[in-house]
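Structure first, then comments.
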Amino acid sequence: MHMRSRQRGLGWFGLLFVLGVIAFTAIVVVKCLPIYLNQMKIASSISKVASDPSNGRAELHELRRDLQRFWDIEDINYLQPRDIKVKRTANGRFLSYEYEARERLFYNISIVIDFQDDVQLANVQS
């Protein structure tokens, strides 16, 4: 016995599943994109402060003051200038930061993204 009509294409449940996957992906992208844009602003401002030759021998509070100016202009979240540290190594001084950004996805599910970087301060020739 042959079936007279055969289903072709996507059924209702299949369509609902595909739309659910697309919606979930869109929600994750919408929640993560501002976090990564914020990280790009942080990296840019720290690079600008670190590459300034006058900051090669500056004290930590002076570096944080310069960073605060960028934070005020760029409206940076998740990290404060007081969280920036100066590492001293054999290769020179580095501005170092490490933080995690949390964004609530829905209900009690959150997205947590960790960031860290070391940016070398400009060397001052004496």
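- No continuous path of ILVMFWY side-chain contacts below 4.5 Å connects Val28 to Val21, so the two sit in separate hydrophobic clusters.
- Hydrophobic clustering (side-chain heavy atoms under 4.5 Å, transitive across Ile, Leu, Val, Met, Phe, Trp, Tyr) keeps Phe94 apart from Val119.
- Atom CD1 in Ile42 sits 9.5 Å away from atom CG in Asp83 (nearest 0.5 Å).
- Residues Leu19 and Trp12 share a hydrophobic cluster, clusters being chains of Ile/Leu/Val/Met/Phe/Trp/Tyr side chains in contact below 4.5 Å.
- The closest donor-acceptor contact from the side chain of Arg104 to the backbone of Ser110 lies at 3.5 Å or more, if one exists at all.
- The structure places CD of Gln39 at 10.5 Å from CD of Gln116, a figure rounded to the nearest 0.5 Å.
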Identify each donor-acceptor pair in which a side-chain atom of residues 71-78 lies under 3.5 Å from a protein atom, sequence neighbours left out, and give them as a table.
| unit_1 | atom_1 | unit_2 | atom_2 | d |
| --- | --- | --- | --- | --- |
| Trp71 | NE1 | Leu79 | O | 2.6 |
| Asp72 | OD1 | Gln68 | NE2 | 2.8 |
| Tyr78 | OH | Glu103 | OE1 | 2.9 |

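- Separation of atoms CG (Leu95) and CD1 (Ile46) is listed at 6.5 Å; rounding is to 0.5 Å.
- To the nearest 0.5 angstrom, Phe24 atom CZ is 13.5 Å from Ile22 atom CD1.
- The minimum heavy-atom distance between Ile111 and Lys31, with the atom names listed, is CD1-CB, 4.2 Å.
- Contact between Lys48 and Phe70 at its shortest, heavy atoms only, is CD-CE2, 3.7 Å.
- The cluster map of Ile, Leu, Val, Met, Phe, Trp and Tyr, joined by side-chain heavy atoms under 4.5 Å apart, puts Phe13 and Val18 in different clusters.
- Taken from CD1 in Ile84 to CG in Leu63, the straight-line distance is 10.0 Å, to the nearest 0.5 Å.
- Atom CZ of Phe106 sits in a crowded spot, with more than 12 heavy atoms from other residues, nucleotides or ligands closer than 6.0 Å.
- When all heavy atoms of Ile113 and Cys32 are compared, the closest pair comes out as CD1-SG, 4.1 Å.
- Although no hydrogens or angles enter the test, the distance criterion places no donor-acceptor pair under 3.5 Å between the side chain of Arg102 and the main chain of Val112.
- The two atoms that bring Ser51 and Ala122 nearest to each other are O-CB, 3.8 Å, heavy atoms only.
- Of all heavy-atom pairs spanning Glu100 and Asp114, the tightest one is CB-OD1, 2.9 Å.
- Here OH of Tyr97 is found 4.0 Å from CG of Asp117. Values are rounded to the nearest 0.5 Å.
- Not one N or O on the side chain of Ser44 forms a donor-acceptor pair closer than 3.5 Å with the backbone of Met40.
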